[in-house]
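Structure record follows, encoded as structure tokens.
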Protein chains: 4
Amino acid sequence: MIIEVDFSGDIPIYTQVRDQIVIGIASGQLLPGEALPSVRRLAADIGINVHTVNKAYAILRDEGFVKMDRRSGAKIAAMTKEDGPFAEQLKSRLCPYIAEAICRQMEREDFQDIVASLFNQLENTGGKK
Amino acid sequence: MIIEVDFSGDIPIYTQVRDQIVIGIASGQLLPGEALPSVRRLAADIGINVHTVNKAYAILRDEGFVKMDRRSGAKIAAMTKEDGPFAEQLKSRLCPYIAEAICRQMEREDFQDIVASLFNQLENTGGKK
Amino acid sequence: MIIEVDFSGDIPIYTQVRDQIVIGIASGQLLPGEALPSVRRLAADIGINVHTVNKAYAILRDEGFVKMDRRSGAKIAAMTKEDGPFAEQLKSRLCPYIAEAICRQMEREDFQDIVASLFNQLENTGGKK
Amino acid sequence: MIIEVDFSGDIPIYTQVRDQIVIGIASGQLLPGEALPSVRRLAADIGINVHTVNKAYAILRDEGFVKMDRRSGAKIAAMTKEDGPFAEQLKSRLCPYIAEAICRQMEREDFQDIVASLFNQLENTGGKK
DNA sequence: GTGGTCTAGACCACG
DNA sequence: GTGGTCTAGACCACC
């Protein structure tokens, strides 16, 4: 799985790394139990600093996406369905986007189509590699 | 229309102000042609720095939500439907959230329900004040 | 309030800083709403790196002891009583110490006396300064 | 007696092994004079590195919990009551926990109850196996 | 070899 | 002036 970052944009690099790994998990490119590359390795591959990767991994760990194994680095965690708090936070983060969509006279169906297409895109990337 | 900001939390205050004004427009609390409070006035009301409000207004202007008039301050603009670039940008910003939803085993329908409920909430806040 | 760290011990400096601030709060030397020194200031005072203080503050924030205010640095938070998860974790962390106490034939009363004396020491340091 | 370790989590594995053996002694599951499993055997059972078990045993020896015999391996030692230095060290290690308990508004009695319940739990696990 | 800690210095976003 | 981000390099603990 390839991770690429945009150095010019205003999204922090560690966030980009975090996001892409989450996308990798969602699309089945990264399976539960699978080991992530070591921080040094990934940092070298992407061409960024070790600490930046470290921060991304720490966030993923705090969010429950990966488990840090003392022996062999980071592994994808098996997640449990517990979307109560997530749904709440999702709502507050989605709100400004939907408000903007309404202002720009985007139809509700068009918005839902975008959501659906992203679900399709991620769910049908297909299993491992 | 009341604007409230969270001084802790990691969303910049000027973004919060921008978001809430966009939400105000979407919900019909702020109508096209209506004047926004002056920069100084709003800053005093919320208890934040004048520069911060200024930045929020400048962003809203750049995004086309308001028109700045040197004499009479800021007014809500009438927006035209041009959702091409917005749809693209929306897609890339929504992607990480949908990926996370999949990881947390949220059903596609539940996600769409949240979107629908936000649309309802904003569209039915009712007209002016 | 004075913070001192032991550079030779094996307790990470950021942990020592975190611990001493928690002790400061418990003893009433730091009151809810009170501002902590800026990371730069505290780092200079103690003679350690800014990032080390930063990490200590980030942990205190994650644990709910302080709130980061975008405008003016860190403030002591007002804590709510919610000791369910804390009690659990306390139990697992205390267990090895109590096991060792039993092995060393320390009487249960002696252990509880130590606990009581620490409670007294912290609760009677007296209010502000 | 079963020893289990948590490979995620921030407690070093050798510390976990050391702790569980101390708990085993305190609870009477391991009696003075009894032989511990060989380093290789325990390492294989738990699925960890031999060096890690070795380090745990060395610490237990330095702390006086076991005696190492070149021929017959490690044996549980008979401990003498000398709680002076231990009490001091205990006090400094307990202090941050009690400070946190006060901050979280845990009652002193609740803390003492936890201590008491741990004492009971360990002392009443019952004699040998 | 792994990640964790600490240091140092630079730049930026925010207010 | 505040904290946040990123980089760079060193050392250590752990396995």
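Each chain gets a letter, A, B and so on, in the order its sequence line appears, and its residues count up from 1.
- Within residues 7-24 of chain B, no residue approaches DNA chain F, by heavy-atom distance under 4.0 Å.
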Return a table of donor-acceptor pairs under 3.5 angstrom between the side chains of residues 59-68 of chain C and protein atoms on other chains or two or more places apart.
unit_1: C:E63; atom_1: OE1; unit_2: C:R18; atom_2: NE; d: 2.9
unit_1: C:E63; atom_1: OE1; unit_2: C:R18; atom_2: NH2; d: 3.1
unit_1: C:E63; atom_1: OE2; unit_2: C:R18; atom_2: NH2; d: 3.4

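- In this structure, D:T52 and D:I46 have side chains that are not in contact, with every pair of non-hydrogen atoms separated by 4.5 Å or more.
- Within residues 41-54 of chain C, the residues having any heavy atom under 4.0 Å from DNA chain F are, by residue number, C:H51, C:N54.
- From D:D19, atom CG reaches atom CZ of C:R93 across 13.0 Å, with rounding to the nearest 0.5 Å.
- Counting heavy atoms from C-beta on, the side chains of A:L31 and A:I76 never come closer than 4.5 Å.
- B:L42 is not listed as a side-chain neighbour of B:L36, based on a closest heavy-atom distance of 4.5 Å or more.
- Between A:I21 and A:Y57 the shortest side-chain heavy-atom distance falls below 4.5 Å.
- In terms of modelled atom types and a separation under 3.5 Å, the side chain of A:E100 and the main chain of B:V22 share no donor-acceptor contact.
- Where the helix from E:dG1-F:dC14 to E:dC14-F:dG1 starts and where it ends, the local axes point in directions that differ by 20°; five pairs per end, rounded to 10°.
- Side-chain atoms of A:R40 and base atoms of E:dG3 include a donor and an acceptor less than 3.5 Å apart.
- At least one donor-acceptor pair under 3.5 Å links the side chain of C:R70 to the backbone N or O of B:G9.
- Side-chain N/O atoms of A:R70 include one lying less than 4.0 angstrom from OP1 or OP2 on F:dC15.
- Remark: C:K55 in residues 55-68 of chain C come within less than 4.0 Å of DNA chain E through at least one heavy atom.
- Residues A:Q16 and A:D6 meet the side-chain proximity criterion, which asks for heavy atoms closer than 4.5 Å.
- Between the P atom of E:dT2 and the NZ atom of A:K75 lies a distance of 13 Å, rounded to the nearest Å.
- Annotation: the span from D:N54 atom CG to D:R40 atom CZ amounts to 9.0 Å, rounded to 0.5 Å.
- The side chain to side chain donor-acceptor pair (under 3.5 Å) check on A:E88 picks up nothing, with sequence neighbours excluded.
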